[in-house]
There are 2 protein chains.
Amino acid sequence: MNIKEASEKTGVSSAAIRYYEKESLIPEIDRTEVGNRDIDDRIIRRIKFVTQMRAAGMSIENLRRYIQLFDAQEDNTKEQKAILQEQLAVMEEKRDDLQSAIDHLNYKLNHFYDHMETTEEELRELERQHAEKKANQ
Amino acid sequence: MNIKEASEKTGVSSAAIRYYEKESLIPEIDRTEVGNRDIDDRIIRRIKFVTQMRAAGMSIENLRRYIQLFDAQEDNTKEQKAILQEQLAVMEEKRDDLQSAIDHLNYKLNHFYDHMETTEEELRELERQHAEKKANQ
DNA sequence: ATAGACCTTAATGTGTACTTGAAGGCAAGG
DNA sequence: CCTTGCCTTCAAGTACACATTAAGGTCTAT
């Protein structure tokens, strides 16, 4: 498939696919006789992996570090796992921060004070809800 | 309190606090006789609100839109709620994306294939887990 | 009164992650 | 033959969210 189809299939622009290839986030793509990229499903999956990690906030730089370990010959299983675990921790913290911001907004929507600062009252209530949630785990 | 204390209290750099003020993400800050910013707890709370929303991925531009409605005289309750709700939806989607990436990484860590592409098998498994989770809600 | 630590504004620089533009090649259709 | 529409590379531009630097003012202590 050509780069345009791949772009449509992944939702990633053609330029971004070229960029990912240049930055080694995806493997080198095979070419047709005239030099056009010929993209297969393996590449599509790699693009989707990049997209998902990017959406989760993993930087291009970290992704490259991780992917280079995969593409290396040696057995880097430990390092790979370490990077994944590190990234996992980052993502879980992000998710929790996000959840607390969601709780905050929900609280605002439900109470809707006429001034927007988080009041002490409000902070205590959020704290209370947080403690309650933890107790339920 | 001066800007440095405020910076330490919020974890936001002095430069960023000035920037937030300039961009109207926080109210105009009172000045001392010599023109230095004199920051009170109301401003601190506003800075923290900005920080939380920024961490949750709300752009400066959207934050400004929202905050300007608050600072306006008219009763913009509906619009304010609409913006919050819109932002809430964005954040919930983000959280879900993040969760699915977390699931994906956890799956990888538990199975650890020797090639990193998401296999069809793996995708089916993730789909299955997703369905199961939904059923449990 | 001189140092050192704080402050001010305004302009410019930085890093990230792309996007856009320029200049051109190849193949099909009218 | 020319246009359309895809592709290529390489370089330069863009948007965001600050960070840094320059050039100066003020306050406090020794």
Side-chain angles (χ1 to χ4, degrees), chain A residues 1-40 43-44 46-68 87 90-91 94 97 101, chain B residues 1-26 28-40 43-44 46-68 87 90 94 97 101:
Chain A
M1 110 188 51
N2 67 20
I3 200 168
K4 203 185 182 211
E5 282 176 85
S7 165
E8 281 156 9
K9 216 165 178 179
T10 58
V12 175
S13 75
S14 300
I17 293 174
R18 293 193 195 98
Y19 172 74
Y20 287 165
E21 187 189 11
K22 206 168 155 198
E23 298 296 316
S24 305
L25 300 186
I26 55 178
E28 270 192 59
I29 301 172
D30 292 341
R31 303 304 179 107
T32 64
E33 322 79 49
V34 295
N36 291 2
R37 285 172 183 80
D38 187 15
I39 296 174
D40 59 20
I43 302 290
I44 294 290
R46 295 276 299 241
I47 293 169
K48 284 183 178 167
F49 176 75
V50 169
T51 309
Q52 191 171 25
M53 293 302 120
R54 292 281 313 114
M58 194 173 189
S59 70
I60 298 283
E61 184 51 36
N62 267 353
L63 254 171
R64 190 180 17 232
R65 275 205 310 142
Y66 174 66
I67 285 165
Q68 275 170 356
Q87 178 61 22
V90 170
M91 281 158 58
K94 228 174 204 176
D97 287 354
Chain B
M1 118 190 38
N2 67 20
I3 200 168
K4 204 188 181 205
E5 283 176 85
S7 166
E8 280 157 10
K9 216 166 179 177
T10 58
V12 176
S13 75
S14 301
I17 293 175
R18 293 194 195 97
Y19 172 74
Y20 287 166
E21 187 189 12
K22 206 166 157 198
E23 296 296 317
S24 306
L25 300 187
I26 56 178
E28 270 191 59
I29 301 171
D30 292 342
R31 302 307 179 104
T32 64
E33 322 80 46
V34 297
N36 291 3
R37 286 173 182 79
D38 186 15
I39 297 175
D40 59 19
I43 302 290
I44 295 290
R46 295 276 299 241
I47 293 169
K48 284 183 178 167
F49 176 75
V50 170
T51 309
Q52 190 170 26
M53 290 305 119
R54 292 281 310 116
M58 194 172 189
S59 70
I60 297 283
E61 183 51 36
N62 266 353
L63 255 171
R64 190 180 17 232
R65 276 207 310 142
Y66 174 65
I67 285 164
Q68 274 169 357
Q87 180 59 24
V90 170
K94 227 173 206 178
D97 286 355

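Computed from a predicted structure; not experimentally measured. Sequence lines set the chain letters: A, B, ... in the order given, protein chains first and strands last, and positions in each chain run from 1.
In this structure, CD in E61(B) is found 10.0 Å from CG in L63(B), a value given to the nearest 0.5 Å. Expressed to the nearest 0.5 Å, how far CG of N36(A) lies from CZ of R31(A) amounts to 8.0 Å. How far CG of D97(B) is from CZ of R54(A): 13.0 Å, rounded to the nearest 0.5 Å. Atom OG of S14(B) sits about 8.0 Å away from atom CG of N2(B), to the nearest 0.5 Å. One distance of note links NZ of K48(A) with CD1 of I43(A); it measures 13.5 Å at 0.5 Å rounding. To the nearest 0.5 Å, atoms CZ (F49(A)) and CD1 (I67(A)) are separated by 6.0 Å.
A side-chain contact (heavy atoms from CB on, under 4.5 Å) with R46(A) is found for one member of I26(A), T51(A), T10(A), L25(A) and no other, namely I26(A).
Looking at I29(A) and I3(A), their side chains never come closer than 4.5 Å, going by heavy atoms from C-beta outward. Y66(A) places none of its side-chain heavy atoms less than 4.5 Å from the side chain of M53(A).
Listed by first and then second residue, the side-chain hydrogen bond (donor to acceptor under 3.5 Å, both in side chains) pairs that reach into residues 20-29 of chain A are E21(A)-R37(A), E23(A)-R64(A), sequence neighbours excluded.
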side-chain contact (heavy atoms from CB on, under 4.5 Å) between M1(A) and I44(A), intermediate numbers included: CA-CA 10 Å; M1(A) 110 188 51; I44(A) 294 290; 3.9 Å; yes

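Running 5' to 3' along DNA chain C, contacts with non-hydrogen atoms of chain B at under 4.0 Å begin and end at dC6(C) to dT9(C). Once you apply a 4.0 Å limit to the heavy atoms of chain B, the touched nucleotides of DNA chain D run 5' to 3' over dA17(D) to dC27(D).
Closest approach of S13(A) to S7(A), counting heavy atoms only: CA-OG, 3.7 Å.
A heavy-atom distance below 4.0 Å to DNA chain C is reached by these residues of residues 28-37 of chain B, ordered by number: R31(B), G35(B), N36(B), R37(B). A heavy atom closer than 4.0 Å to some atom of DNA chain D occurs in R54(B), S59(B), I60(B), these being the qualifying members of residues 53-61 of chain B. Residues of residues 2-22 of chain B having a heavy atom closer than 4.0 Å to DNA chain C, listed by number: N2(B), I3(B), K4(B), R18(B).
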